[in-house]
Amino acid sequence: MKVLVVNDELNTSTAKGRALRDIISILIANEVNVIQSTSAEDAASIVRSDPSVECVLVSWWLKGDDAKANSHIRDLLAIIRSHNDKVPIFLMAGRSEASIIPTEVMQIVNELIWPLEDTADFIAGRITAEITRYHEDLLPPLLRNLMKFSRVHEYSWHTPGHTGGTAFLKSPVGRAFYDYFGENLFRSDLSISVEELGSLLTHSGPIGESERFAARIFGADRSYSVTNGTSTSNRIVFAATVSAGEIALCDRNCHKSIEHGLTMTGAVPNYLMPSRNRYGIIGLIHPEHFAPEAIKRSISSNALTKNCHNKTPVLAVVTNSTYDGLCYNVTRVIELLEKSVDRIHFDEAWYAYARFNPIYEERFAMHGDPAQYRGPTLFATQSTHKLLAALSQASFIHVREGRKPIDHVRFNEAFMMHSSTSPQYAIIASNEVSAAMMDGVAGKAITTEAIKEAVAFRRMIGRIRKEFASKHEWFFSTWNAEEVKDPISGNRIPFEDAPEELLINDADCWVLHPGDTWHGFENLEDDYCMLDPIKVSVVTPGVSVNGSLELTGIPATLVTAYLDQNGIIVEKTTDFTILFLFSIGVTRGKWGTLVNTLLKFKHDYDNNTRLTEALPNLVAAHPKNYSSMGLRDLADEMFTQIKKSGQTQLLEDAFSALPSPTMTPAEAYRHLVHNEIERVPLDKMAGRVVATGVVPYPPSIPKLMPGESAGPDNGSHVNYLRALQSGDRSFPGFEHDIHGVENIDGTYFISCIKNKD
Ligand SMILES: Cc1ncc(COP(=O)(O)O)c(C=O)c1O
């Protein structure tokens with residue numbers, strides 16, 4: 001137990017000081033950890049930084065405060081409540097003061113105590129009782145029961161065979177494993193036959209309770225806890241909604257698991273093409289593609305839909321937000337799509353936090369009140385392990401019932417088809433905890449912290465860039481508006497000078513407005529697309545405002561390699577951008593190191609520091625290629641290669657036209673199972689139909705889906721892959737990561753369907 005006591009007489013020899021010290025001694029004797037603070041400011045810092053405080057005792061008046069308004073104390077109380085609406089607060093006052101404490105303060109605190117009038121034993125007892133109650137309320141249903149069960153049950157006769165970890169103790173390696181992970185992991189690793197905890201497959205007992213608890217927090221009618229990632233959640237939604245020969249509208253910017261959903265179900269994909277900007281960042285699908293006429297047109301021109309007797313799509317899948325943090329105005333998307341389809345699935349793998357901060361209002365699937373909802377049935381799939389605090393593989397499927405609902409019993413058949421009969425309880429419990437952490441005011445406080453850090457980082461990069469620019473020197477920039485609008489005066493303010501309060505609260509600062517040049521997207525509808533502040537793309541020099549390449553530039557992969565050499569692992573790198581995620585665990589120290597390393601890169605680049613010094617690991621792996629070069633030499637060579645190969649433009653061309661489909665992903669997969677496929681080198685790919693998807697990371701959009709033709713030899717698809725292949729040959733150590741491509745001694749090979757003889 002941990003208690004914070006805030007009183008300026010703690011160390012004085014006054015009666016109040018003595019009474020407080022008596023209370024503290026009793027608490028310490030009862031093994032309560034007591035933090036003492038003598039000022040509201042210090043106490044506020046403790047509250048902000050230490051969520052393990054389980055009770056706060058605060059004096060109604062502190063030295064230096066305004067005796068009538070008690071504004072320091074009121075501010076402190078507000079700060080405590082903005083972080084935690086449940087932690088017990090005891091207000092310490094004299095009996096004579098009680099009558100003047102305003103009602104709104106009384107509503108914030110749990111209890112009034114009078115240290116001079118009541119006994120120390122009595123007050124200490126009240127405190128420990130409140131902490132115990134708080135602790136019981138704090139734990140969500142499954143975690144509470146799991147802890148209880150593993151405390152009470154000593155012997156297990158069911159699987160898993162390690163029986164609470166005891167099996168590991170019989171071998172030295174088992175013991176090392178046991179010691180490393182600790183006893184609780186094993187004691188809570190239980191069989192699904194433990195009735196007290198319920199079952200994930202039937203959603204009964206505490207597990208079912210925990211799913212209902214999550215549904216309330218995320219704004220869903222029903223939530224399903226999934227223990228094999230959003231990859232599985234996506235496949236479950238497909239299995240529940242689509243069957244063979246039916247049409248699914250699919251965002252082309254989709255995860256591999258959507259391809260798997262198509263393959264498993266035999267659905268016929270009709271793709272919706274997203275936009276792209278000059279940096280190669282994938283944007284949103286424009287509203288005109290969601291319009292009913294456009295959908296009808298694209299279905300009727302899709303070679304695969306000819307044999308579908310029902311031309312009405314049964315599901316639409318949209319990725320929200322994109323990898324780079326572009327999020328839809330979901331109200332608008334639903335308004336457009338519901339004219340064509342009764343069920344919409346938003347893949348929000350990277351976006352589980354959106355409901356908890358008002359800046360994302362209306363930009364996530366489960367927005368608003370489920371009771372008021374009247375639209376198509378919605379599904380949201382979220383990797384709580386990605387940007388909330390759950391263990392790897394934890395994911396939720398949230399269902400908002402609307403038109404053409406799927407009742408639980410039918411949906412659960414698909415759920416069970418893709419779920420293990422031995423799920424890991426720690427993953428399910430972490431899913432529940434990730435929801436509980438967002439409940440009440442805490443969700444806003446935690447997400448605001450992350451947004452604040454991202455904004456502070458962006459502003460700092462902006463200020464450094466401005467400083468260098470005044471000396472005609474280069475620096476990196478962050479991808480966001482250069483100026484934002486002051487909502488009161490209407491004046492434009494440079495981003496880096498804008499008040500923090502404006503940037504963290506006003507969504508307008510992040511909306512991609514039509515006509516603004518910073519974002520590089522054409523034909524935008526206003527308020528349709530917003531950049532998520534926490535997904536920060538750092539832009540390297542080289543691309544001009546009109547999208548053409550400048551005379552010199554720094555390929556982002558080189559900066560990424562440099563950061564990696566300095567212990568900083570980035571999320572994603574395109575030709576000229578590097579993505580950093582400011583997740584809820586981010587700290588100022590972490591991004592401070594990043595800023596320093598970017599400055600160090602600039603120094604090494606400007607001085608053409610030898611690669612033996614700047615990138616020693618790269619030189620050690622490829623001494624012949626790099627040992628005589630400097631950092632700037634390598635940047636120049638790589639930039640020239642990108643320019644010469646036209647890679648950036650080829651990427652644009654390749655992703656602006658969909659390849660021709662010749663069979664569905666399911667048919668292509670059937671060929672793969674029957675081994676009617678062969679490995680084909682890139683130079684022989686013309687006209688070949690691929691058996692597996694080809695997905696360059698990044699941008700991680702499928703370049704070719706299984707069953708699609710690679711097109712002509714000089715077409716954009718083959719040419720783009722050729723440009724990447726040539727880059728890989730020239731710069732070992734910087735090879736591209738392309739799923740579906742085998743790089744054998746510098747030549748790309750792709751699995752294609754065997755041609756009929
Ligand atoms: C858009 C999208 N959907 C789904 C997934 C799969 O999520 P998970 O890793 O939780 O299986 C990812 C993973 O990167 C993703 O980017």
Side-chain angles (χ1 to χ4, degrees), residues 214 218 223-239 248-264 269 271-274 281-285 315-328 330 333 344-354 363-366 378-398 415 418-420 423-424 426-428 430-431 434-435 532 534-535 537 569-574 579-581 583 693 695-703 705 737-740:
F218 284 99
S223 291
Y224 295 84
S225 201
V226 177
T227 56
N228 191 30
T230 297
S231 304
T232 291
S233 298
N234 286 348
R235 289 190 283 263
I236 291 172
V237 174
F238 257 85
L249 299 175
C250 297
D251 191 336
R252 184 71 179 190
N253 177 14
C254 64
H255 185 251
K256 187 98 177 139
S257 49
I258 301 297
E259 177 199 312
H260 296 153
L262 292 163
T263 306
M264 273 171 7
Y271 293 108
L272 301 164
M273 212 43 184
I281 291 176
I282 312 293
L284 303 186
I285 299 163
L315 179 73
V317 192
V318 177
T319 306
N320 186 44
S321 72
T322 65
Y323 209 161
D324 302 280
L326 295 173
C327 13
Y328 285 92
V330 164
V333 173
I344 308 176
H345 168 189
F346 288 95
D347 180 347
E348 295 184 343
W350 294 89
Y351 200 39
Y353 49 86
R363 296 184 189 273
F364 56 95
M366 298 289 127
L378 300 180
F379 302 93
T381 48
Q382 299 178 338
S383 297
T384 39
H385 68 94
K386 285 195 198 298
L387 287 166
L388 287 182
L391 293 179
S392 286
Q393 297 191 10
S395 170
F396 272 120
I397 303 172
H398 304 298
F415 180 88
H418 294 275
S419 303
S420 165
Q424 165 56 265
I427 297 178
I428 311 170
S430 78
N431 221 7
S434 76
D532 185 344
I534 71 156
K535 308 219 169 112
S537 290
I569 314 297
V570 312
E571 180 58 39
K572 183 192 77 151
T573 311
T574 67
L579 178 68
F580 298 90
L581 299 178
S583 60
V695 189
Y697 277 69
S700 79
I701 286 200
K703 166 114 259 347
M705 284 292 252
D737 176 14
I738 313 173
H739 291 195

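Indexing begins at 1, ligand by ligand and atom by atom, following the structure's order. Every value quoted in this text rests on a predicted model; they were computed, and no experiment measured them. Positions are given from 1 along the sequence.
The aromatic ring centres of Tyr224 and Phe396 sit 6.0 Å or more apart.
Residues satisfying the side chain to side chain donor-acceptor pair (under 3.5 Å) test with Tyr351, not counting sequence neighbours, are none.
Looking at every heavy atom in both residues, Val330 comes nearest to Arg363 through CG2-C, 3.6 Å.
Each of Thr319, Asn234, Asn320 was evaluated against Asp347; a single residue qualifies, Asn234, per the side-chain hydrogen bond (donor to acceptor under 3.5 Å, both in side chains) test.
Residues Leu315 and Phe238 have side chains in contact (heavy-atom distance under 4.5 Å, counting atoms from C-beta outward).
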For ligand 1, find each of its N or O atoms that sits under 3.5 Å from a protein N or O atom, and tabulate the pairs with distances to one decimal place.
residue, atom, partner, partner atom, Å
ligand 1, 3 (N), Asp347, OD1, 3.1
ligand 1, 3 (N), Asp347, OD2, 2.6
ligand 1, 7 (O), Ser383, OG, 3.4
ligand 1, 9 (O), Lys386, NZ, 3.1
ligand 1, 10 (O), Thr230, N, 2.8
ligand 1, 10 (O), Ser383, OG, 2.8
ligand 1, 10 (O), His385, NE2, 2.7
ligand 1, 11 (O), Thr230, N, 3.2
ligand 1, 11 (O), Ser231, N, 2.9
ligand 1, 11 (O), Ser231, OG, 2.6
ligand 1, 14 (O), Lys386, NZ, 3.2
ligand 1, 16 (O), Trp350, NE1, 2.7

**Item:** side chain to side chain contact (heavy atoms under 4.5 Å, CB included) assessment of Met366 paired with Glu348
**Value:** CA-CA 10 Å; Met366 298 289 127; Glu348 295 184 343; 5.7 Å; no
